[in-house]
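Down below is the structure, laid out as structure tokens.
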Amino acid sequence: MKRRRVLFVDHAAVLGGAELSLLDLATAYRDTSEVLLFADGPFRERLEAAQVKVKVIPAPQSILAVKTSGGLSAVKALPALWWMARQIAAAGREFDLVHANSQKAFIAAAIATLMGGRPVVWHLRDIVTAQHFSSVNRAIAVFLANHRVSQVLVNSRATGEAFIAAGGRKDLVTLVYNGIGSDPFDNLASDQSAQIRDQLGIGDAPLVGVFSRLSYWKGQHILLEALQELPNVHALLVGKALFGEAEYASRLEAMAAAPELAGRVHMLGFRNDVPALMSAGNIVVHTSTEPEPFGRVIVEGQLAKRPVVAAAAGGAVELIQDGVTGHLVPPGDSVALAKVIGNLLSDPIAADRLAERGYIHAKDTFSLESLLTAFDQALNKV
Ligand code: UDP
């Protein structure tokens, strides 16, 4: 099958979950398509390493500084957004359609349709609620989506429902679950976990990992609070503050240095070897305090054959059947989290059974192949 010619657009330079998901899509589409980025950095390097054509047009700082949760301050970025829209309209000429992978890319791509730009597909990977979006930004995004976009692809039912609840048109929405390739998890060298444990110097101590950028709502502090009830357990925090949340990273460092946790918290920063790191631990936890749009790390934990404990909100509840393919705990509840971790560590046979069922579920439901089938079908309708 010949794939559509797509101009993928994203504003980010760094590798968040949205960018890692786009990496897989753009790799599959690299013979016909191209990625346009508005900032240079590790994302461009990863795309080029996968032989994807990339064009970087550095955006004015006023756009990169806008926060979706900010109010009317976004108005200041209007001239820059207009400029960005022009770039998208011009760059899109050789393609059948524009795929907007981030909020800022979507707003600019939608405006570009007023300048003769190609049809836009918005890949919505955020829960559009007051927690993350100011009412002004929500209204603008929904208005542009309803009037200027051909389709809104949503990465979970929760993401789609939030869009519709915010006034988005239901007929625009297509569910395209993320898919994660299992090869990096299935093909790990047998001694890789032991090497990581050696580097951490933790011997056989129980190890529980969180694999998310450091950000208050990702809730790494909830695991550190839970650790206070779990005297011998070590925590692995993998990820760094990607979008200007250095203060939260310092807060976590201070928590980790407290006497009751000292030596038990291992903060590794951003890593490219998440599959090996997950396999080195006993349990993968997801601690978001607010609804997670999808939660790639949950599926990755399942593919790593580790029991996964996730915060029960948003897309996470679509990925885990509680007690069958993982465990769900109330978001922000460190006591409940400590209890589930303690139970899993004390019953390794039950933990293995949970992990095995999670693995089968993730492989069946969230494969890269299923993602691409759904994505191809959606784009062929534009
Ligand atoms: N990740 C990574 N290195 C890190 C921390 C996280 O590669 O140090 C990856 C993680 O494996 C996952 C993605 O970043 O694929 C995070 O995606 P998720 O959907 O969980 O959260 P998002 O960043 O989209 O909010």
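Both ligands and their constituent atoms are indexed starting at 1 by order of listing. Being a predicted model, the structure only gives us computed values, none of them experimental.
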Tabulation required: pairs of a nitrogen or oxygen in ligand 1 and a protein nitrogen or oxygen under 3.5 Å; columns are atom names and distance to 0.1 Å; otherwise 'none'.
residue	atom	partner	partner atom	Å
ligand 1	3 (N)	Arg271	O	2.7
ligand 1	8 (O)	Gly239	N	3.4
ligand 1	8 (O)	Arg271	N	2.8
ligand 1	11 (O)	Glu300	OE1	2.6
ligand 1	11 (O)	Glu300	OE2	3.4
ligand 1	15 (O)	Arg296	NE	2.9
ligand 1	15 (O)	Glu300	OE1	3.4
ligand 1	15 (O)	Glu300	OE2	2.6
ligand 1	19 (O)	Arg296	N	2.9
ligand 1	20 (O)	Arg296	N	3.3
ligand 1	20 (O)	Val297	N	3.3
ligand 1	21 (O)	Lys218	NZ	3.2
ligand 1	23 (O)	Gly17	N	3.0
ligand 1	23 (O)	Arg213	NE	3.4
ligand 1	24 (O)	Gly17	N	3.3
ligand 1	25 (O)	Arg213	NH2	3.0
ligand 1	25 (O)	Lys218	NZ	2.7

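For residues 287-297, the pairs satisfying salt bridge (Lys or Arg N to Asp or Glu O under 4.0 Å) are Lys218-Glu292, Arg296-Glu300, with sequence neighbours left out. Sorted by first then second residue, the ring pair (Phe, Tyr, Trp, His ring centres under 6.0 Å) pairs that include residues 331-361, not counting sequence neighbours, are His361-Phe366.
Looking only at atom types and distance, the side chain of Arg125 has a donor-acceptor partner in the side chain of Asn101 under 3.5 Å away.
Asp186 and Lys363 are joined by a salt bridge, as a carboxylate oxygen and a charged side-chain nitrogen come within less than 4.0 angstrom of each other.
Ser33 meets the side chain to side chain contact (heavy atoms under 4.5 Å, CB included) test with Val6, Phe8, Tyr29; sequence neighbours excluded.
Considering only heavy atoms from C-beta on, Leu25 comes within 4.5 Å of His123 through its side chain.
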